[in-house]
Amino acid sequence: MSVRGGGRARAGAGLLGLLCCSALLPPATGYVIVSSVSWAVTNEVDEELDSASTEEALPALLEDSGSIWQQSFPPSAHKEDAHLRPRAAAGRPRPPPGPPGMFSYRREGAPPARAPRPGTARFLTHSHAWGCLATVSAREKIRGLPFGTYLPISDGVINNSTGIPFFYLTPKDPAVADLMKNPMASLTLPESEGEFCRKNIVDPEDPRCARLTLTGQMIAVSPEEVEFAKQAMFSRHPVMRKWPRQYEWFFMKMKIEHIWLRKWYGGVSEISKEEYFKAVPRKA
């Protein structure tokens, strides 16, 4: 009897607590308390989760009329507090509702139409005043390893593009020492000032910004071409006229053998020399 009496006392105390809590609930009219929520993840959702998402997934989730909240609860669970939601700013269009689902994604479409590749390659060669020349090092500690040097270049005066990069070098330059042992080199020109990258605020190292690599043999400019090389280099780099003469400056050019252009995601495309030299420079 004492055990049963104690149980009844505890039950009475619990009932009294519930009655006290109920006295506090009327002011909270209009709110729905939900303890938990769960749902089954379908194969379709798994496929979407494997896809590449964007940072716009969360806003789309919150504003989508078929979002996870509205699919998980009946209308009565959220219609009463509709007046508490912030109103859309005036003049700001709402995004169109997406298909029902957990998340929404923006998928990349086909790349935009771009200029012909040989013309893009010629444009990069002509528009650049600097480039990274990679040689095979002749230095003892790094002999046989690639060695990059950033050098001023020019393929002609501003209204005369030849497609052939010219250089103004001194024998004291490490690149010249390398070329005396192995004249093969590669010149890389990124689309650092390209219109596409600037308009879309894309980093120049992004694959969507073109990169051109010319590979060939570096040779000294013949006496017949010295005057043209001087006009090409000095018109782009006027300060070269005042460089100290004791450094024995001379002109070189690249005899191009291979042209490689990377203009979108994926690998590089090889351009033939015939197409390259026949093309007209076009913006990337």
Side-chain angles (χ1 to χ4, degrees), residues 110-135 146 148-169 175 179 183-200 202-222 224-238 240 251-284:
R114 294 180 296 277
R117 289 178 176 176
T120 300
R122 285 293 301 272
F123 171 78
L124 292 174
T125 304
H126 186 59
S127 63
H128 274 72
W130 299 83
C132 182
L133 186 73
T135 57
T149 307
Y150 211 47
L151 297 173
I153 67 168
S154 174
D155 81 326
V157 294
I158 197 65
N159 59 350
N160 183 15
S161 169
T162 65
I164 301 173
F166 287 84
F167 303 81
Y168 193 47
L169 300 169
L179 294 172
M184 300 304 296
S186 293
L187 177 67
T188 299
L189 307 172
E191 190 186 3
S192 57
E193 298 297 330
E195 185 175 341
F196 175 85
C197 303
R198 184 169 57 253
K199 283 186 176 180
N200 293 275
V202 178
D203 189 279
E205 295 305 319
D206 191 290
R208 290 169 290 178
C209 291
R211 266 174 280 177
L212 176 68
T213 299
L214 304 175
T215 303
Q217 184 178 4
M218 294 287 290
I219 59 175
V221 171
S222 64
E224 295 78 14
E225 286 187 294
V226 167
E227 187 59 32
F228 178 84
K230 183 183 295 185
Q231 292 180 7
M233 292 300 299
F234 292 179
S235 64
R236 299 289 189 93
H237 309 277
M240 287 180 173
F251 295 98
M252 295 190 77
K253 69 177 182 179
M254 175 179 283
K255 186 179 179 181
I256 299 173
E257 297 184 9
H258 299 283
I259 302 105
W260 305 93
L261 180 66
R262 178 173 183 171
K263 197 157 182 353
W264 199 252
Y265 298 106
V268 296
S269 301
E270 186 173 9
I271 300 172
S272 68
K273 291 190 293 184
E274 292 76 15
E275 290 179 320
Y276 175 78
F277 285 111
K278 286 194 306 183
V280 176
R282 296 178 181 272
K283 287 187 177 182

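Since this is a predicted model, take the numbers as computed values, not measurements. One is the number of the first residue; the rest follow in order along the sequence.
- In terms of the side chain to side chain donor-acceptor pair (under 3.5 Å) criterion, Q231 has no residue partners (sequence neighbours excluded).
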May I have the step-by-step check of side chain to side chain contact (heavy atoms under 4.5 Å, CB included) for T213 and V268, ending in yes or no?
-> CA-CA 10 Å; T213 299; V268 296; over 6 Å; no
Full working for side chain to side chain contact (heavy atoms under 4.5 Å, CB included) between T135 and M218 = CA-CA 10 Å; T135 57; M218 294 287 290; over 6 Å; no
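- The heavy-atom pair separating P281 from S161 by the smallest distance is CG-OG, 3.8 Å.
- Using a distance-only test at 3.5 Å, with no hydrogens or angles considered, a donor-acceptor pair links the side chain of Y276 to the main chain of G163.
- Between the NZ atom of K255 and the NZ atom of K253 there is a distance of 9.0 Å, given to the nearest 0.5 Å.
- With sequence neighbours excluded, the residues that form a side chain to side chain donor-acceptor pair (under 3.5 Å) with E224 are S222.
- Between T125 and L214 there is a side-chain heavy-atom pair separated by less than 4.5 Å.
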Could you walk me through whether L133 and M254 pass the side chain to side chain contact (heavy atoms under 4.5 Å, CB included) check?
-> CA-CA 10 Å; L133 186 73; M254 175 179 283; 4.1 Å; yes
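- Nearest heavy atom pair, residue A185 against residue L179, reads CB-CD2, 4.1 Å.
- The shortest heavy-atom contact between T162 and R122 is C-NH2, 3.7 Å.
- Here the NE2 atom belonging to H126 is positioned 4.5 Å from the CD1 atom belonging to I158, to the nearest 0.5 angstrom.
- To the nearest 0.5 Å, atom CZ of residue R282 and atom CZ of residue R117 are 15.0 Å apart.
- Every residue two or more places apart in sequence or in another chain that forms a side-chain contact (heavy atoms from CB on, under 4.5 Å) with S127 is listed here: F123.
- Annotation for T120 and A210: closest pair CG2-CB, 4.4 Å, computed over non-hydrogen atoms.
- S272 is linked by a side chain to side chain donor-acceptor pair (under 3.5 Å) to E275, counting only residues two or more places apart in sequence or in another chain.
- Summarising the geometry of T215 relative to S186, their closest heavy-atom pair is OG1-OG, 3.2 Å, with the distance given to 0.1 Å.
- Between the CG atom of N160 and the CZ atom of F228 there is a distance of 5.0 Å, given to the nearest 0.5 Å.
- With sequence neighbours left out, K230 forms a side-chain contact (heavy atoms from CB on, under 4.5 Å) with E227, F234, F251.
- Between the CH2 atom of W130 and the CG atom of L187 there is a distance of 13.0 Å, given to the nearest 0.5 Å.
- For S154, the side-chain contact (heavy atoms from CB on, under 4.5 Å) partners are A232, M233, R236, not counting sequence neighbours.
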Would V221 and F167 count as a side chain to side chain contact (heavy atoms under 4.5 Å, CB included) if you check the C-alpha gap in whole Å, the side-chain angles of each, and the deciding distance to 0.1 Å?
-> CA-CA 9 Å; V221 171; F167 303 81; over 6 Å; no
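- Distance CD1/I259 to CG/L124: 12.5 Å, rounded to 0.5 Å.
- Minimum interatomic distance between L212 and A121 (heavy atoms only, all atoms of both residues): CD2-O, 3.3 Å.
- Residues P165 and I256 form a side-chain contact, since some pair of their non-hydrogen atoms from C-beta on lies under 4.5 Å apart.
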